[in-house]
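Accompanying notes for the structure given below.
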Amino acid sequence: MTSTLHHIAAPSDKLPRRFYDRPALAVARDLLGKHLVLDAPGGRRAARIVEVEAYVGEYDLACHAAKGRTARTEVLFGPPGHAYVYLIYGMHHCFNVVASREGRAAAVLVRGVEPLEGLPPKSRTDGPGRLCDALGITLSHNRMDLLGDQLFLLDAPRVPAAAVARGPRIGVDYAKEWAHKPYRLWIRGHPHVSRSPSRPPAPLPARGA
DNA sequence: CTATTGATGGTC
DNA sequence: ACCATCAATAGG
């Protein structure tokens, strides 16, 4: 690139390794708004990340790595910027981004995306299982390098702090004190956030109508 | 709207 | 046996 002062990120810039080489909470925060892209012979599928959860380390009882190093969790201990995909309940896939330096085990689960390109028209993309289904993410993507040319993330404008909401992670009640920590982040009011409260009621007709 | 249940397979 | 889910169903 030619700019000698600051570099304005073009929407086609892949997130660099150093983006992922940080604590999971920081990566999670900055993943909001970024673009998740799958390039395959059939074409490109892309979506904007609107909801994530941070799994911050082996000491985090909600993180799969809390079980220690196993065949499944090994990727979490590996270098940052790789995909961690697993099958849950025998039928749904969950897509995570590996964060933190090699030797530490942390990840960010993507829980909601907004369709941008190449998705089946009526597909739902709220919820970790549904978004993997819509994008075509399967176990074949597990351990894939996110700086490769098949599955990667593109830079996009930062979501302002005022638009970021936080709350406890979903479905981790077994994780004792780690269950309530506010490590779920989402874009406030975004329609593709999972488990959103119902839409605000339609405006009432004029009184007396 | 909430609450409950069944599907289904990798992992430990 | 457990599970970072989802769709369908029943009930208020």
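For clarity, every value in this text was computed on a predicted model and none was experimentally measured. A note on names: the letters A, B, ... follow the listed sequences, proteins ahead of strands, and every chain is numbered from 1.
Between A:Leu61 atom CG and C:dC3 atom P the separation is 12 Å, expressed in whole Å. Protein atom OH of A:Tyr174 is 14 Å distant from nucleotide atom C1' of C:dA1, rounded to whole Å. Atom CZ in A:Arg69 sits about 18 Å away from atom C1' in B:dT11, given to the nearest Å. In this entry the distance linking CG of A:Asp173 with P of C:dC2 reads 15 Å, nearest Å. Going from atom NE2 of A:His64 over to atom P of C:dC2 covers 15 Å, rounded to whole Å. Atom P of nucleotide B:dG10 and atom CZ of A:Arg143 are separated by 14 Å, given to the nearest angstrom. Rounded to a whole Å, the CZ atom of A:Phe95 is 16 Å from the P atom of C:dT5. The CD1 atom of A:Ile137 sits 18 Å away from the P atom of C:dA4 (whole-angstrom rounding).
Between A:Asp149 and A:Lys14 no salt bridge is recorded (no basic side-chain N to carboxylate O distance below 4.0 Å). Comment: A:Glu51 engages A:Arg184 in a salt bridge, judged by a side-chain N to carboxylate O separation of less than 4.0 angstrom. Between A:Asp21 and A:Arg101 there is no salt bridge, since no side-chain N of the basic residue sits under 4.0 Å from a carboxylate O of the acidic one. Comment: A:Arg169 engages A:Asp60 in a salt bridge, judged by a side-chain N to carboxylate O separation of less than 4.0 angstrom. The pair A:Lys34-A:Asp30 does not meet the salt-bridge criterion, since no charged nitrogen lies less than 4.0 angstrom from a carboxylate oxygen.
A donor-acceptor contact under 3.5 angstrom links the side chains of A:Tyr84 and A:His64, judged on distance only.
Annotation: salt bridge (Lys or Arg N to Asp or Glu O under 4.0 Å) contacts involving residues 69-98 of chain A, sequence neighbours excluded, comprise A:Arg69-A:Glu74. Listed by first and then second residue, the ring pair (Phe, Tyr, Trp, His ring centres under 6.0 Å) pairs that reach into residues 154-181 of chain A are A:Tyr59-A:Trp178, sequence neighbours excluded.
Annotated stems with DNA chain C as a participant read B:1-7 with C:5-11, B:9-11 with C:1-3, given as range with range, by first number; only runs of 3 or more Watson-Crick or G-U pairs under 3.5 Å qualify.
Only at 4.0 angstrom or more do the heavy atoms of residues 180-188 of chain A sit from any atom of DNA chain C, so none qualifies. Listed by residue number, A:Leu87, A:Tyr89, A:Gly90, A:Met91 are the residues of residues 76-94 of chain A with a heavy-atom contact under 4.0 Å to DNA chain B.
Using a 4.0 Å heavy-atom criterion, one finds that A:Leu109 contacts the bases of the nucleic acid, with or without backbone contacts as well. Within the 4.0 angstrom heavy-atom criterion, no nucleotide atom of any strand lies near A:Arg169.
In this structure, A:Leu147 and A:Tyr20 have side chains that are in contact, with non-hydrogen atoms separated by less than 4.5 Å. Between A:Asp39 and A:Arg44 the shortest side-chain heavy-atom distance falls below 4.5 Å. The shortest distance between side-chain heavy atoms of A:Leu36 and A:Phe152 does not fall below 4.5 Å.
The OG1 atom of A:Thr138 sits 5.5 Å away from the NE2 atom of A:His93 when rounded to the nearest 0.5 Å. To the nearest 0.5 angstrom, A:Phe77 atom CZ is 11.5 Å from A:Ser100 atom OG.
Put simply, the side chain of A:Arg45 gets close to the backbone of A:Ala134: a donor and an acceptor are under 3.5 Å apart.
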Can you check nucleotides 7-12 of chain C for protein contacts, nitrogen or oxygen pairs under 3.5 Å, and list what you find?
from  : atom 1 : to       : atom 2 : distance (Å)
C:dA7 : OP2    : A:Arg130 : NH1    : 2.3

